[in-house]
Amino acid sequence: MTSFNDFEFTFLEEGFCARDIVEQKINESTSSDDKDAFYVADLGDVLKKHLRWARTLPRVTPFYAVKCNDSRAVVGTLATLGAGFDCASKTEIQLVQSLGVEPSRIIYANPCKQVSQIKYASAHGVQMMTFDSEVELMKVARSHDNAKLVLRIATDDSKAVCRLSVKFGATLKSSRLLLERAQELGLDIIGVSFHVGSGCTDPQTYAQAIADARYVFDMGAELGYSMTLLDIGGGFPGSDDSKLKFEEITAVINPALDKYFPADCGVRIIAEPGRFYVASAYTLAVNIIAKKVNMKEQSGSDDEDDGASDRTLMYYVNDGVYGSFNCILFDHAHVTPIVHKKPKPDERIYPCSIWGPTCDGLDRIVELCTLPDRQVGDWLLFENMGAYTVAASSTFNGFQKPDIHYVMSRSAWQCMQQIHVQGMPALVEEQSPGNMPGHCGRGSTLELPAKPCATRVL
Ligand SMILES: *Cc1c(COP(=O)(O)O)cnc(C)c1O
């Protein structure tokens with residue numbers, strides 16, 4: 001176990017990847033009764049995302065949304081990489097500051113804050129904060145010494161899976177009133193933010209929101225504000241199996257930024273990606289603790305059949321909707337099981353449902369999927385489990401949260417160190433072909449371990 005900057009992880013042996021560690025943990029468990037669910041989290045994957053971000057959205061500084069996954073290892077990795085942070089509460093600010101992040105790298109991006117927490121931010125130097133109402137302006141005027149306010153505007157999030165603009169965001173009409181009110185109160189408004197909602201299915205939503213932000217900038221200018229910050233929020237997909245790919249979104253964002261906020265306009269652009277950074281870094285392994293075989297009522301006769309076709313299976317596993325799979329309820333996630341023991345080519349598959357360990361009927365992970373016949377003690381794997389999973393899981397019914405094993409390859413580690421010392425801009429420039437740093441980046445992708453991963457990807 002290595003401890004760096006106050007977070008812990010294990011180095012991957014040369015040529016090994018995170019999946020090998022899953023394999024190793026499962027092997028270790030075969031001889032024992034301890035078959036608790038567990039995670040393997042690859043911090044190198046977080047680094048890869050950071051490089052992908054810098055390459056794809058070079059004008060936009062990421063402020064990681066801590067609520068998505070507040071584990072010290074993830075936040076510490078991103079702190080080392082020089083990212084900023086979107087914090088929504090005192091506790092999140094405390095966490096980020098405990099890792100040595102300076103206040104200028106924090107935006108308090110919760111438009112509706114408790115007064116005592118505004119005071120906390122003020123006392124700890126956190127100045128940037130969002131708002132979307134007049135009451136919030138008055139609270140900030142009374143409770144913060146020198147806030148740099150960012151006006152959160154609503155977006156058309158009708159095409160998003162998780163909508164946010166029903167709860168947050170000022171309309172363009174009320175934006176003018178808010179700007180006027182802020183001026184009366186002598187408050188400094190430095191920019192505009194928005195969030196298109198998560199699971200956004202139409203990249204044009206970003207373009208429209210960027211255009212709306214420009215409109216508010218111009219409105220502010222009429223009132224004498226010269227705003228300098230545009231915050232394009234979160235909602236960027238965290239795995240490549242999403243409907244809309246990251247690069248499809250950025251292909252719309254970049255031209256919109258160039259049109260409405262050209263590089264020489266003096267506006268700094270930030271974003272608040274959450275799931276983008278962590279979803280794919282986490283793999284969850286759960287164990288089958290119980291199983292039922294249901295025979296369907298048979299209609300008609302098919303003599304050759306051995307009866308398997310009218311069988312459905314129910315698997316009960318040791319993490320569920322009250323634990324890691326809360327993402328199904330809260331984040332509208334759809335998860336896909338992978339059997340750990342690979343099916344044989346001719347192995348039958350069955351309609352299956354997968355259930356969590358609690359006594360609640362709501363605790364269902366998958367309503368219907370097809371899997372081969374597996375036994376109690378066998379394992380199922382779920383990939384892309386880093387976002388909105390561990391962050392909101394409970395121990396309802398006495399079921400404990402899975403352990404998380406953090407790993408990183410040495411090449412990822414060296415790359416991270418290099419970024420820590422040189423900063424991202426230097427590194428991204430060096431990434432241009434023909435000018436490669438020793439371990440980082442080769443053309444467009446970061447090629448971590450030179451040797452191929454020891455395990456086949458299932
Ligand atoms: C939740 C949230 C984010 C992160 O959203 P993702 O979909 O995880 O990228 C960013 N900004 C704000 C204000 C949020 O509430």
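Remember, it's 1-based here, ligands and their atoms both numbered in the order they're listed. Predicted, not measured: the structure shown is a model, and the values here were computed from it.
Contact check on Arg19 versus Glu383 returns a salt bridge, with a Lys/Arg side-chain nitrogen under 4.0 Å from an Asp/Glu carboxylate oxygen. Using a 4.0 Å cut-off between charged side-chain N and carboxylate O, Arg72 and Glu8 make no salt bridge. Between Arg152 and Asp86 there is no salt bridge, since none of the side-chain N atoms of the basic residue sits less than 4.0 Å from a carboxylate O of the acidic one.
Near Ala109, meaning under 4.0 Å from one of its heavy atoms, ligand 1 places the atoms 13 (C). Close approach of ligand 1 to Tyr388 (heavy-atom distance below 4.0 Å) involves ligand atoms 1 (C), 4 (C), 5 (O), 6 (P), 8 (O). Numbered from 1 in the order shown, with element, the atoms of ligand 1 that lie under 4.0 Å from a heavy atom of Ala65 read 3 (C), 4 (C), 10 (C). Atoms of ligand 1 lying under 4.0 Å from at least one heavy atom of Arg275, given by number and element, are 6 (P), 7 (O), 8 (O), 9 (O). Here is the list of ligand 1 atoms found below 4.0 Å of a heavy atom in Gly274: 4 (C), 6 (P), 8 (O), 9 (O). Within the listing of ligand 1, atoms 10 (C), 11 (N), 12 (C), 13 (C) sit less than 4.0 angstrom from a heavy atom of Asp86.
Looking from atom 5 (O) of ligand 1 to the surrounding protein, the closest heavy atom is His195 NE2, 3.1 Å. With hydrogens left out, the protein atom closest to atom 11 (N) of ligand 1 is Glu272 OE1, 2.6 Å, a heavy atom. Looking only at heavy atoms of the protein, atom 15 (O) of ligand 1 is closest to Lys67 NZ, 2.8 Å. Taking atom 7 (O) of ligand 1 as the reference point, the nearest protein heavy-atom neighbour is Ser198 OG, 2.5 Å. For atom 9 (O) of ligand 1, the nearest protein heavy atom (residue, atom name, distance) is Gly235 N, 2.7 Å.
Within the structure, ligand 1 lacks Phe168 among the residues with a heavy atom less than 4.0 angstrom away. Not a single heavy atom of Gly233 lies less than 4.0 angstrom from ligand 1.
Of the polar atoms of Arg152, none of the N or O atoms is found under 3.5 Å from an N or O of ligand 1, judged by distance alone.
In this structure, CZ in Phe330 is found 13.0 Å from OH in Tyr388, a value given to the nearest 0.5 Å.
Aromatic rings of Phe11 and Phe9 (six-membered ring for Trp) have centroids within the 6.0 Å cut-off, being under it.
Shown here are the ring pair (Phe, Tyr, Trp, His ring centres under 6.0 Å) partners of Tyr206, two or more places apart in sequence or in another chain: Phe236.
Between the side chain of Thr389 and the backbone N or O of Met385, at least one donor-acceptor pair lies under 3.5 Å.
No more than 12 heavy atoms of other residues, nucleotides or ligands shown are found within 6.0 angstrom of NE2 on His334.
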Assess the residue pair Ser116 and Lys90 against the criterion (side-chain hydrogen bond (donor to acceptor under 3.5 Å, both in side chains)); give the C-alpha distance rounded to whole Å, side-chain angles, the decisive distance to 0.1 Å, and a yes or no. CA-CA 9 Å; Ser116 61; Lys90 171 182 168 177; over 6 Å; no
